[in-house]
Amino acid sequence: MDLPGQFVQPGDKYRYVWDIPADYAFPENQSSVIWSYSSKSSPIGDVNAGLLGLVVIYKTGTLEFPSPGSMFQRPKGIDQEVFTLMTNTDEAKSTYYTESGARLGFSVDRLKELEATDPLFKESNRMYHINGYVYNNNKVIDIVYGSRVRWYVISFGVSDEDVHTAHWHGATMLHHGHRVDVVDLTPISFQVVDMIPDNVGQWLFHCHVASHFESGMSAFYQIEEVIYTGDEGWE
């Protein structure tokens, strides 16, 4: 294969090496940062089809094996990591748009006609979602009361509708040394915040931009207290 920067064609492989500077200055009160990777074969179509992923970089000395014989390391001082992608996906720009339309009986010409003449149809293809789900239809994010939870919050879209405000009900977060319950996301941005949940119950996590909230950019997370019951174990 040729030099990096060119497309990796279907069926081909290329190994990328990502060098992280040893002296990278991590933000205050933060032992990890997050970045992303995405398809470059058809960048717009593939990203709108969900072909992207996340990479977490930990500060040197942060990772450890939790017990002898463990296969994987875990970050010190963090009991759970939660990843949330908040973005606007335009299904009309997806690599699989015409294929999805064909399954519903729409020809390519008909799809183009609707896109050009029907504003409601055009808007219906835009999904304001969290991790691919809208209107709290996500699998509930389970969190243990009093635990140390790190949230990674990402906006990957590049449209004018991809400015978001991530808001947690029922908890506050530590963000760069400040106590907050809202963080701002610009297009292609990444935020890392820490939570110690202290309110048992089901809580709303959503975008506070009113039109995005109304269009479904919301999810539930559940805080549960784990109680040791002696010989019976935990409940």
Side-chain angles (χ1 to χ4, degrees), residues 4-5 8 13-40 47 50-87 130-131 138-156 164-168 170-200 203 205 219 221-228 233-234:
V8 179
K13 296 180 180 180
Y14 189 88
R15 181 186 179 193
Y16 289 91
V17 177
W18 188 13
D19 293 319
I20 310 299
D23 59 350
Y24 175 79
F26 282 76
E28 185 180 359
N29 306 109
Q30 191 173 311
S31 59
S32 61
V33 293
I34 192 166
W35 201 246
S36 65
Y37 61 91
S38 61
S39 169
K40 295 297 186 291
V47 167
L51 295 177
L52 56 93
L54 303 173
V55 177
V56 178
I57 306 301
Y58 297 96
K59 192 174 184 179
T60 301
T62 297
L63 296 177
E64 64 179 358
F65 290 103
S67 61
S70 297
M71 294 181 60
F72 303 104
Q73 293 179 304
R74 296 182 58 181
K76 299 177 184 177
I78 302 174
D79 300 310
Q80 181 180 356
E81 293 175 294
V82 178
F83 298 86
T84 53
L85 174 66
M86 305 180 71
T87 195
I130 298 176
N131 290 350
N138 62 298
K139 180 181 178 181
V140 176
I141 301 168
D142 291 316
I143 292 174
V144 176
Y145 176 92
S147 62
R148 299 162 297 182
V149 183
R150 175 155 293 176
W151 289 68
Y152 299 96
V153 191
I154 303 97
S155 172
F156 203 82
H164 307 294
T165 50
H167 178 218
W168 290 262
T172 58
M173 324 296 286
L174 187 64
H175 181 240
H176 296 179
H178 299 279
R179 186 62 60 181
V180 301
D181 64 357
V182 175
V183 295
D184 296 329
L185 295 167
T186 56
I188 313 295
S189 63
F190 314 86
Q191 297 286 1
V192 181
V193 296
D194 289 328
M195 167 196 287
I196 298 182
D198 58 2
N199 281 326
V200 173
W203 299 99
F205 170 64
Y221 72 97
Q222 181 84 28
I223 300 174
E224 295 185 356
E225 190 169 5
V226 177
I227 302 173
Y228 182 57
W234 299 85

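Counting begins at 1 with the first residue of the sequence. Values below: all heavy atoms of this structure, side chains included; hydrogens, waters and symmetry mates excluded.
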A.B. asks: Indicate yes or no: at least one non-hydrogen side-chain atom of Met86 is less than 4.5 angstrom from one of Phe205.
C.D. replies: yes
A.B. asks: Could you pull out the closest heavy-atom pair between Lys76 and Leu63, with the gap in Å?
C.D. replies: CE-O, 4.5 Å
A.B. asks: Just how far is it from atom CD1 of Ile130 to atom CG of Leu85, taken to the nearest 0.5 Å?
C.D. replies: 9.5 Å
A.B. asks: Considering non-hydrogen atoms only, spot the tightest contact between Val56 and Ser32 and give its length.
C.D. replies: CG1-CB, 4.0 Å
A.B. asks: Tell me if a side-chain donor or acceptor on Gln30 pairs with a main-chain N or O of His176 at a distance below 3.5 Å.
C.D. replies: no
A.B. asks: Measure the spacing between CD of Glu81 and CG of Leu54 and express it to the nearest 0.5 Å.
C.D. replies: 11.5 Å
A.B. asks: Mind checking whether Ile223 and Trp203 have side chains closer than 4.5 Å, heavy atoms only?
C.D. replies: yes
A.B. asks: What is the minimum heavy-atom distance between Val33 and Val192, and which atoms define it?
C.D. replies: CA-CG2, 4.4 Å
A.B. asks: How about Pro75 and Arg150: do any of their side-chain heavy atoms sit closer than 4.5 Å?
C.D. replies: no
A.B. asks: Given side-chain contact (heavy atoms from CB on, under 4.5 Å), test Ile141 with Val82 step by step and report yes or no.
C.D. replies: CA-CA 8 Å; Ile141 301 168; Val82 178; 3.9 Å; yes
A.B. asks: If you compare all heavy atoms of Ser36 against all heavy atoms of Phe190, which two are closest, and at what distance to 0.1 Å?
C.D. replies: OG-CZ, 3.5 Å
A.B. asks: How long is the gap from CD on Gln80 to CE on Met195, to the nearest 0.5 Å?
C.D. replies: 9.5 Å
A.B. asks: According to the interplanar angle, ranging from 0 to 90°, do the rings of Phe83 and Tyr152 count as parallel (below 30°), tilted (30 to 60°) or perpendicular (above 60°)?
C.D. replies: parallel
A.B. asks: Where do Val144 and Pro197 come nearest, in terms of heavy atoms and distance?
C.D. replies: O-CG, 3.3 Å
A.B. asks: Would you please classify the geometry between the Trp151 ring and the Tyr221 ring as parallel, tilted or perpendicular, with 30° and 60° separating the classes?
C.D. replies: perpendicular
A.B. asks: Should Arg179 and Leu174 count as side-chain neighbours, where that means a heavy-atom distance under 4.5 Å?
C.D. replies: yes
A.B. asks: Side-chain contact test, heavy atoms from C-beta onward, threshold under 4.5 Å: evaluate it for Ile57 versus Ile20 and give yes or no.
C.D. replies: yes
A.B. asks: Taking the side chain as everything from C-beta on, heavy atoms only, tell me whether Leu52 gets closer than 4.5 Å to Tyr37.
C.D. replies: no
A.B. asks: Let me know which of Val182, Val180, Asp194 forms a side-chain contact (heavy atoms from CB on, under 4.5 Å) with His175.
C.D. replies: Val180
A.B. asks: Rounded to the nearest 0.5 Å, how far apart are CG of Asp198 and OG of Ser147?
C.D. replies: 10.5 Å
A.B. asks: I need the Trp35 CH2 to Ile188 CD1 distance, nearest 0.5 Å.
C.D. replies: 8.5 Å
A.B. asks: Distance check, rounded to the nearest 0.5 Å: Asp181 atom CG versus Thr165 atom OG1?
C.D. replies: 10.5 Å
A.B. asks: Without swapping roles, check the side chain of Arg74 against the backbone of Asp79 for a donor-acceptor pair under 3.5 Å.
C.D. replies: yes
A.B. asks: Does the side chain of His164 come within less than 4.5 Å of Val153's, by heavy atoms?
C.D. replies: no
A.B. asks: Is Ser38 close to Val47 at the side-chain level, that is, under 4.5 Å between some pair of heavy atoms?
C.D. replies: yes
A.B. asks: Search all heavy atoms of Ala166 against all heavy atoms of Leu185 and return the closest pair with its distance.
C.D. replies: CB-CD1, 4.5 Å
